[in-house]
Structures are given as C-alpha cells and as structure tokens.
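Just below is one structure, and these are the notes that go with it.
Quick caveat: nothing in here was measured; it's all calculated off a predicted structure.
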Amino acid sequence: MAKTKYSTEEAIPFWRDERVLRVLGQIVFLVVAVSFFYYLYNNMITALAAQGMTPSFEFLGRTAGFDIGESLINYVRSDSYARALVVGILNTIYVSIFGIFFATIFGVILGVSRLSKNFLVAKLSSIYLEILRNIPLLVLLVFWYSGVFITLPRVKEAITFGPIFLSNRGIAVPWGIPTETWASYLIILFLALVVSIVVSWRLKVIGDRTGRPPLRILWVPLTFLVLAMVGWLVLPQSPLEIEYPALKGLNFTGGYVFSPEFMALLSGLVIYTAAFVGEIVRAGIMSVSKGQHEAAKALGLTSFQTLRLVIFPQAMRVIVPPLTSQYLNLTKNSSLAVAIGFPDLFAIGGTSLNQSGRAVEVIALMMGLYLLSSLLTSVFMNWYNDKIKLVER
Amino acid sequence: MSRKLFPVFALLIVLSMVLAACGGAAAPEAPAEEAAAVEAPAEEAAAAPGETEGPAPAASGDTLATVQARGHVICGGNSGVPGFGFLDTEGTFTGFDIDFCKAVAAAVFGDAEAYEIRPLSSQERFTALQSGEIDVLIRNTTWTLSRDTDLGANFVATTFYDGQGFIVRKADGINTLEDLDGGTVCVQTGTTTEANLADTMAARGLSYEPVVYEDVETGWTTYEEGRCDAYTTDKSGLVARQILLTVPDDHVIMDETISKEPLGPVVRHGDDQWFDIVQWTVFATFFAEEHGITAANAGDMMASTANPREKSFFGTEGELGAFLGLDADWAYNVVSQVGNYAEIYDRNLGPDTLTYIPRGLNSLYTDGGLLFAPAWR
C-alpha cells in the first residue's frame, strides 16, 4: 500500500509507515475493546443460561406484589414492576428538583457571604462550608433522620403551628384539593404565564433601548402572581379547597404529609450540596477581576447592583460547568435514601431485584435510568451555559 | 509515536487475555452465588439439595434398638435461639425444642435426662440427620416439601407454628391487624416479609404506609422512636429482639400471624417405627393438655381416671405402648417428667419468660389453635 511506483527511495514497509500504523492502532484498540466487552457479556449470558435463565425484561409486566410508602402516582401492590420503578424514578426526580432548587439558593447566599466584608458573616459562612464539605453525606443523612426528624414528638403529641403539625410521622400541612373549577383555573394560569413572558420580553426591549434595565426578576413574577390572583377571585368557586390535616386513628389524614424520610433526605442533600455550590459561587465571583468591582463602584452602582449587573453575568461562565456537576451529584447522591427508608429509584429497584430475582436486568435498568436523568440535566445545563457565555464580537 | 505505542497495545492485548482467563475461571461462580442469595428464603438458607449424596439409610428400621443400646437419645438442636434452643450460662441446654428432645427420652427410657444435644448449624443439620449422627432433629426447622422429600427427612408433626408477626406498643391499644388500618409499618427490605405484608394487607382491604429499611438496626430504632405503629418480621425474631428494646414491657407482639413457618421434629426416611415414636410423643403432649393432665397430677389421674381414652393413654388399659415398641406407661413418663404441651410452652415461651410469645395458633383446636392429637385407641 505504502509502496508507490514512483518512489525513488526504498519503500517503507507498511508496519513502519506512520500513517498506516495510526489507523491500524485504532482498529486494534477497537477490536480489543469490543471483544473484551463482548466476552464479558457473553460470559454473563452463558452463566445465566447455566442456571436456566435468559436475560429478559418480561418481568417488568408482572405483578410487583409489594407496597411503597410514598408515591406521586397511584400505585397498589397488584401493579407491575414497571410501574413500581416509575414510582421510584418520580420520587428521585421529585427530591432532586427540590434539592437542586434549595441548594442553589442556599449555596449562592453562602458563596456571597463568604466574600462579605462583614467579619461575622464571612467567618460563619467559612466555618459552615469547611465543616459541611467534610462530613460524608451518609453521616449527614443519618443525622438528619435519626437525630432530628425521628426525635420529633410522637404523632399524638405533635407540635402544632396553627394548622401545621410537626411529629415524627412527618410534617402535616394544609393542602389544596382541586374542585370543579380547577381545570379552568389551569387555563388562566397558562394565560398568565404567556402574559408574563410577553412582559419579560417587553422589559428586555425597554432595557436594551434605554440602557437602564428594569428589575425583571421582580416585575415578571409580580405580573404572574397578580393575574393568578385575579383569576382566582373571578372564578365562581375557588379552584382549590383547603383541606386541613387532622389526627384520625393512628396517623394524620387530610392535607399533605411530608414524610420524615423525605425531609431528612432533602435537608441532607441541600445542606451538603449547598456547601459545594457556595465554593463554586465564590470561585466564580473571585474569577471576575478586581477592576470590574472598582469600575462598577466608580460608576456609583450599589453593591447589589454591582453583583447583579457586573459580577454575576461574568461569574456565571465560571460557575455553570462545575454547578452542573453538583446537580448531577445531588441527583445521584439521592440514592443514599435507601439508608433512611425513602422509596427512591434505588430502594425500589433493590426491592424489585429481591422479589423478582432479576439481578442483571434490574441493575442495568437502574444504571440506564440514572444515566438518562443525568444526561437530561446535563443537556439543560449545557444549553444554559451556551446561552450565558460571553458573546465575543 | 506509533512505534512507541506498540508496546502499549501489546500490553493491552495481554492484559485483556489475562483478564479474560481470570474471568473465565471466576465468572460462573459469581452469578451462582448471587442467585443463591436471592433465592435464599427469609429464614436461614437450607442445606442445598445436592449437598448430601445418597441419604445413608443408616440404622434403617432399628433406630430404637440403636438408641436403647446406646442408653440415650441424641438430638440435633440449636444453641443460640433463646426460648427454642439456648445454651445457658450453666452449660445446659434449655428451650422449647430441647424439651421435646427430653420428651422423646422420657418415652423411650422413662428418663427425661437420657438425652444428648448436638448443637448444629442450619447447613449441618440435615447431613447430621442423614448420616445417623443424630436420632432426631429438633431445631426450629420449617416444614417444606423439598426438605420432606429431597433431603431424605420426614417431618413428624408441627410443634410450633411460627410465622410473620407484628410488634406494637402496648399504649396504642392495637390488638388486631384491623386496628393497624391507616397506620405505619416498619419492615426490612429483601425478604419475603415485605411481600407477605403487602399480600395480607391487600387481602384484608387495609391501608397502611410501609417504611422499608435496608438495615435492621435503623428499622428497630425508628420503630422504637415511634415512626411506625408496628414492626414486622418472623415472630421468633420479634421475641429475640424485643428483649433488646429499651423498655421491652412497653411493647407487645400481636397474636396475628401472616405467613406459614411450621416448625417441628424431623427423623430420617426409612424407619417407620422411630417416626411413629417421635410423632406420638408429640401427640402425647397435645393429648395431655387437652385432657388436663399435667406433670403434677399425672400420677393421680393415672390411678383415678375412669375415661377409657385416658386409661389407654396411661397404658393401664390396652397395649398401645407395645405397638410402638415402648413401655406401657411411656406417655405417663412423658407427661410426668416433661409436662404437657402447655407446660412446655409456658416454661419456655410463656408469659413469665423473657421470650414470651402469645400462643395464637399454638393452642389446642378447642381454643381456636391448630394442635390436634389423633385418637388414642
């Protein structure tokens, strides 16, 4: 191949030809890698076949036969394994979304505080970050569960804050029960959302034109809230009826109960992840050169304006990629819920594995689902990162 | 550059071959273990069917002669389950299962102390029985079809109906499963316990909230803190664990049992006479309770009874003992030396013991239980 008719020098043998070797090397690597994984796979199939088993996801359609404590959708023991796993992934998503939301807010406050000129605020924040970052999450979770939420008073001696009950069966709060007008109200909410988006866009246009951007973060939600409130009052019957929790028999009925497992998991995840988010935010802020602060000051911006208009837009570029990792970590760390009895994907997967005996399939499925949720989070964060990155002109 | 990479590739290939070779040797084992772990039932893993090749029909048909020649009965027992088979600080075995071994000794020799206990692990127990090392196995062993057939063992009778139960706080006033409606139940994951619970509650149309733990300790701690109204597992497990609670007396194990774990003595295949002896020894304790015969009054009853059934029980009428190859007064010896079923039960698992289990199914059929002795004629 490498030898050409016209070569005057002695032909280079192909095994010495760098161009050939490059391609060859890659092919060899690919073949080795593929055959290695094929070997592992084949080995597993053979071993399973020796026990008279063939990997199959057929069991997903069978009756699960166990109950789940907390579920966002209706689930009973006669439902299928597939539905049980859906309950699990929904619980994981549920706790992750809440966790990400609170960890972000808390983390930003911590990060900014650590850079504060106020000695006390800065030191408290540093102490918090240094301690919480260095405690294993599992320890934190067990602490929140066994040390805090489970030691709340028993259900019959629940602490009462107006209509809210605190006990070691969870936090029972009043909750809205949809009435007949709920469907119409959803339409009103949708319209309010559309109007808010239009307002947001108008404000941006005004800001771009005048160079004095209005506080969109204040006006947009305000528009939405006012419209939502007007809609509520306009409807003949209120769309939600408030149901108050009450102690009936052994447990609270009515309202909504945040279980101690959920609360412990959420608290642990938020407090732990917020410490990392705080450090990321601090790194982001410190990456903005001092001149930017000074310039903003010279222009007479208040320190809040400096943060909002000068520092954060530039810091975001540094903050978002590692923040994405923290969000992914939080989602995956939620699998530690199994230690404190919260029925997340991993806990329900474990039970399904035990009950069905389908170890390989269940583990593969769980890995796939976690991968999927991580990839979706990543895709969103990458989109956001692209949106905020410095546009070079 | 590529030339430099060549050794790397070579290394990779060799490495993958080595890995493959290792994998080839080790891989088939791992899934097998995993499967075994998954299939293992809630109670201790039973001896694998293939473990004992060719059930030794040792002493076939002449176990009684062997035992009599030896001078004592050898029972396979447990040494670590309080209430059932436990080696106490004085070095003697006590427990419910141990007392049935004594009963067999009393039936055979007229001497309840003519016995020896061989403490066995759950894996050893069937091998020990098959090889003739023990005469009878009385070690909280669950009666299952595969053990009754494939393991070459014969279950003679059920002495204790165990099963999944619930522990609750006395103060809550929960007496039946129906009282748990709308309540919270702590349960350990990975066992049949979880599924049994779901099945039972669904069958009775009761709603409840399960809180499922990976770790037993967490489960018990949270139950004790009041997170759950009840904790569920096998009753013997509940009893053993109750002692370890901060104030054991604040908790009570409900009568309710939601799964079947019949425990009883086991003998080898192939010796019907010995099978009958052990079986009727168990029945004798049932019969005695049913007729109000106790260790204390057995002598008086034997002398004074006019009931023909009791007369044949004591051997003062007919020759039932001879049919078993035993003395005429064998049943009298059992009751007078070991006691009737109620006495054996109360001594080990009764209200005055640390390991109290309500009798529930282990009551006479006349009291709504399952104990029923066949006719004594």
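Here the CD atom belonging to E209(B) is positioned 6.5 Å from the OG atom belonging to S259(A), to the nearest 0.5 angstrom. In this structure, the separation between CZ on F149(A) and OG1 on T222(B) is 15.0 Å, given to the nearest 0.5 Å. Considering CZ of R77(A) and CD of E194(B), their distance stands at 12.0 Å, rounded to 0.5 Å.
Heavy atoms from other residues, nucleotides or ligands lying under 6.0 Å from OH of Y41(A) number 12 at most. In F346(A), the CZ atom is not crowded: 12 or fewer heavy atoms of neighbouring residues, nucleotides or ligands sit closer than 6.0 Å.
The side-chain heavy atoms of N251(A) and T184(B), taken from C-beta on, include a pair separated by under 4.5 Å.
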Inset, instruction - Could you walk me through whether D229(B) and R169(A) pass the salt bridge (charged side-chain N to carboxylate O under 4.0 Å, His left out) test, one step at a time? - result: CA-CA 10 Å; D229(B) 296 303; R169(A) 295 289 169 86; 2.6 Å; yes

Inset, instruction - Show the numbers, then the answer: is there a side-chain contact (heavy atoms from CB on, under 4.5 Å) between L250(A) and L180(B)? - result: CA-CA 8 Å; L250(A) 299 167; L180(B) 263 178; 4.3 Å; yes

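Taking a cutoff of 4.0 Å between a charged side-chain nitrogen and a carboxylate oxygen, R227(B) and E261(A) qualify as a salt bridge.
For C186(B), no part sits under 4.5 Å from any heavy atom of chain A, backbone or side chain. Interface residue I68(A): only backbone heavy atoms are found under 4.5 Å from chain B. When heavy atoms are compared at a cutoff of 4.5 Å, I340(A) approaches chain B solely by way of its backbone atoms N, CA, C and O.
Ranked by heavy-atom pairs under 4.5 Å with chain A, the first of D199(B), T218(B), D172(B) is D199(B). Ranked by heavy-atom pairs under 4.5 Å with chain B, the first of A347(A), A33(A), P260(A), S35(A) is P260(A).
For the residue pair A198(B) and F66(A), the shortest heavy atom distance occurs at CB-CA, 3.7 Å.
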